[in-house]
Protein chains: 2
Amino acid sequence: MSKYEPVATGQDTSGCCTPLAAPMNPDEAAELSQVFKALGDPVRLRLLSLIAAREGGEICVCELTPAFDLTQPTVSHHLKLLKQAGLIASERRGTWVYYRLLPEATDRLATFLAHPGTSAEIEATDGTAS
Amino acid sequence: MSKYEPVATGQDTSGCCTPLAAPMNPDEAAELSQVFKALGDPVRLRLLSLIAAREGGEICVCELTPAFDLTQPTVSHHLKLLKQAGLIASERRGTWVYYRLLPEATDRLATFLAHPGTSAEIEATDGTAS
DNA sequence: GCTCTGCATTGATGGCTGTCGATGCAGGCA
DNA sequence: TGCCTGCATCGACAGCCATCAATGCAGAGC
């Protein structure tokens with residue numbers, strides 16, 4: 001290297017700007033980001049926390065709503081987004097509706113965060129994560 | 001239970017609507033949600049993935065920009081948001097700027113996702129969560 | 001010094017999102 | 001049957017965000 005060149009750690013073919021094969025395809029990124037986006041709101045984060053804190057993992061909407069300085073439609077809206085993201089599920093039981101956590105979703109996010117550089121699909125098939 | 005009552009699993013004091021002590025205070029939720037929000041975009045998710053996939057955990061901006069169908073200012077904007085969220089750090093080296101992953105941030109998120117019902121602070125300070 | 005390159009910042013703009021009041025709908029009860 | 005309650009949906013609106021072109025700034029080379 002005669003001049004300053006960005007050291008492409010491990011592969012200095014043309015010095016710089018070697019467009020790398022993305023370890024995460026756009027589709028997967030779009031899908032995962034939807035789940036993260038659902039957690040990108042303090043209200044939804046607290047909702048998830050309240051649901052998960054409940055023994056049995058189930059909680060009635062009538063208990064969630066008064067925990068916030070928000071109207072009932074707003075809380076319902078946030079619950080809908082969490083549900084669409086696959087983070088929680090709902091079940092009607094008589095007059096009341098119960099929400100419960102879906103651990104698979106949070107597990108998936110945790111897996112990605114543990115290895116952000118490798119596609120999340122990989123370790124579902126094999127365990128050869130060096 | 002004579003009538004239908006929402007079974008507050010473990011504590012059926014007044015039937016329903018017992019406003020529970022939030023296991024996550026709003027301040028903490030607001031802070032954590034900022035980091036999740038930073039991941040709530042497919043471009044930033046791929047950026048983080050690209051950075052983390054690099055051996056040594058460092059990558060030049062000039063390698064990141066051409067990996068997207070976006071203008072250079074837009075990519076720079078996303079990198080700035082990831083940096084503000086504490087997920088990555090930057091270092092100028094000559095003409096080029098290198099970004100690297102900050103594993104503490106992703107570890108913190110993974111910890112929350114593993115136990116969404118318990119405050120992330122608790123296990124650091126005390127355990128007197130009544 | 002001047003110029004060129006790599007990256008950040010600015011300002012503008014269209015689309016998305018959080019919030020609300022109003023309303024609808026389902027289930028229980030008298 | 002009619003009413004009441006719990007929750008979801010709708011429509012509207014303000015604030016935020018992703019994106020771009022234009023510009024600024026720092027470092028390297030001549």
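Chain letters run A, B, ... following the sequence lines, proteins first and then strands; every chain starts at 1.
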Checklist entry - Do the side-chain N or O atoms of K83(B) get closer than 4.0 angstrom to the phosphate oxygens (OP1, OP2) of dA8(C)? => result no
Checklist entry - Between dC20(D), dA18(D), dT19(C), which nucleotide gets closest to the side-chain atoms of D41(B)? => result dA18(D)
Checklist outcome for this item: So CD of E63(A) and CH2 of W96(A): to nearest 0.5 Å the spacing works out to 11.0 Å
Item to check | Minimum-distance nucleotide (side-chain atoms of V61(B) versus dT19(D), dC20(D), dA8(C)) | outcome: dA8(C)
Checklist outcome for this item: Of dC7(C), dC20(D), dT5(D), the nucleotide closest to the side chain of C60(B) is dC7(C)
Checklist entry - Does E58(B) reach the side chain of E91(B), with side-chain heavy atoms less than 4.5 Å apart? => result yes
Checklist outcome for this item: Winner on side-chain proximity to R44(B), out of dA8(D), dG27(D), dA18(D), is dA18(D)
Checklist entry - Counting side-chain heavy atoms from C-beta on, which of dA8(C), dG6(D), dC20(C) comes nearest to T71(A)? => result dC20(C)
Next on the checklist: Can you tell me which nucleotide in dA28(D), dA8(D), dA18(D) comes closest to the side chain of V97(A)?
Outcome noted: dA8(D)
Checklist entry - When you measure from the side chain of K80(B), which nucleotide among dG6(D), dG6(C), dT9(C) comes out closest? => result dT9(C)
Checklist entry - Roughly, in whole Å, what's the span from NE2 in H77(B) to P in dT23(D)? => result 21 Å
Checklist entry - Do the non-hydrogen side-chain atoms of F112(A) and V35(A) ever get within less than 4.5 Å of each other? => result no
Checklist entry - What's the CH2-C1' distance between W96(A) and dG28(C), to the nearest Å? => result 9 Å
Checklist entry - Expressed in angstrom and rounded to an integer, what is the separation of H78(A) atom NE2 from dG18(C) atom C1'? => result 6 Å
Checklist entry - Any side-chain heavy atom of L82(A) within less than 4.5 Å of one from L47(A)? => result yes
